[in-house]
Amino acid sequence: MSANPFNTMFEMQRTYIEASQSAFESSLKLQKVASDAFLGSFESTKSLQKRGVDLTKRASHANLDAVEEALPADVVGDLRAAIDEQYEALDEVHDDAWESFEQSAEDAVDSYDELTEAQAEMVDELYETLIQVNADAAEVADEAAEVVEQ
């Protein structure tokens, strides 16, 4: 086997194929981490958005507090009730929208994961085939080198 001048080339090809496979697997893991981080960010984003809505509601009430002295009590009471109703409706819509968005995103990530898994299986088979073809070519080269030596 040491007489084959192509051994180094075949070893370099195997090393390249294995490194390429490792890089591909690492990129799939990175994509999975990114997908999980994307899904994990929803709760904090939703919470932050709800806090922003709550701050706006409080600001609306603060504005009413500021003008309360200048307006009749029943007008201020009606305005407060209207503001509260609108923010309650907004909260319901907000929760429903986020629930729908989260479910859609989870479904999309699940579909993406399934597709990626199928792709990974096909690529693994390809790498196995490449390694086998490389080994077969190295064996043929060894046999040819032996014939040349004789």
Side-chain angles (χ1 to χ4, degrees), residues 1 4-142:
M1 208 163 158
N4 182 354
F6 297 105
N7 280 342
T8 302
M9 178 192 70
F10 288 118
E11 184 59 36
M12 285 175 55
Q13 285 177 337
R14 272 190 299 278
T15 301
Y16 172 77
I17 292 167
E18 290 166 355
S20 177
Q21 182 178 16
S22 178
F24 176 75
E25 290 169 355
S26 293
S27 74
L28 291 181
K29 288 176 186 173
L30 180 61
Q31 290 173 20
K32 179 67 175 149
V33 167
S35 294
D36 291 346
F38 172 67
L39 291 176
S41 71
F42 290 168
E43 196 56 41
S44 61
T45 303
K46 176 182 172 183
S47 175
L48 184 63
Q49 197 175 54
K50 267 190 137 3
R51 279 187 266 167
V53 169
D54 186 53
L55 283 173
T56 304
K57 179 181 176 181
R58 283 196 246 160
S60 297
H61 280 285
N63 284 335
L64 285 178
D65 291 345
V67 296
E68 191 169 20
E69 302 278 333
L71 298 174
D74 60 333
V75 171
V76 173
D78 289 346
L79 285 172
R80 282 188 198 284
I83 287 171
D84 289 341
E85 285 177 26
Q86 292 300 313
Y87 277 101
E88 284 176 23
L90 177 61
D91 280 343
E92 286 178 28
V93 169
H94 183 265
D95 290 341
D96 291 345
W98 268 101
E99 186 177 316
S100 177
F101 175 69
E102 287 173 333
Q103 187 60 52
S104 295
E106 287 172 8
D107 291 346
V109 167
D110 288 345
S111 295
Y112 177 78
D113 287 347
E114 289 173 14
L115 178 65
T116 300
E117 187 176 319
Q119 178 189 17
E121 289 173 10
M122 291 175 13
V123 170
D124 280 346
E125 290 175 16
L126 172 67
Y127 281 120
E128 288 174 20
T129 302
L130 287 172
I131 292 291
Q132 185 58 51
V133 167
N134 178 275
D136 292 347
E139 187 177 317
V140 168
D142 282 343

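Below, each value reflects all heavy atoms present in this structure, side chains not excepted, and no hydrogens, waters or symmetry copies.
In terms of heavy atoms, D91 sits closest to V53 at OD1-CG1, 4.2 Å. Here the closest heavy-atom approach between residue N134 and residue F10 is recorded as ND2-O, 3.3 Å. The heavy-atom pair separating A105 from F38 by the smallest distance is CB-CE2, 4.1 Å. In terms of heavy atoms, W98 sits closest to Q49 at NE1-OE1, 2.6 Å. The heavy-atom pair separating D95 from K50 by the smallest distance is OD1-NZ, 3.0 Å.
Sorted by first and then second residue, the side chain to side chain donor-acceptor pair (under 3.5 Å) pairs involving residues 58-67 (not counting sequence neighbours) are D54-R58, H61-R80, H61-D84, D65-R80. Within the structure, the salt bridge (Lys or Arg N to Asp or Glu O under 4.0 Å) test picks out the following pairs touching residues 21-36 (sequence neighbours left out): K32-D36, K32-D113.
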Could you give me the CA-CA distance, side-chain angles and deciding distance for Y112 and Q31, then say whether side-chain hydrogen bond (donor to acceptor under 3.5 Å, both in side chains) is met?
-> CA-CA 10 Å; Y112 177 78; Q31 290 173 20; 2.4 Å; yes
CA sep, side-chain torsions, deciding dist, call: Y87, T56, side-chain hydrogen bond (donor to acceptor under 3.5 Å, both in side chains) | CA-CA 9 Å; Y87 277 101; T56 304; 4.9 Å; no
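For the pair E11 and T15, the minimum side-chain heavy-atom distance is below 4.5 Å.
In this structure, M9 CE and M12 CE are separated by 9.5 Å, a value rounded to the nearest 0.5 Å.
Checked against side chain to side chain contact (heavy atoms under 4.5 Å, CB included), E43 has the following partners two or more places apart in sequence or in another chain: K46, E102.
In F42, the CZ atom is crowded: over 12 heavy atoms of neighbouring residues, nucleotides or ligands sit closer than 6.0 Å.
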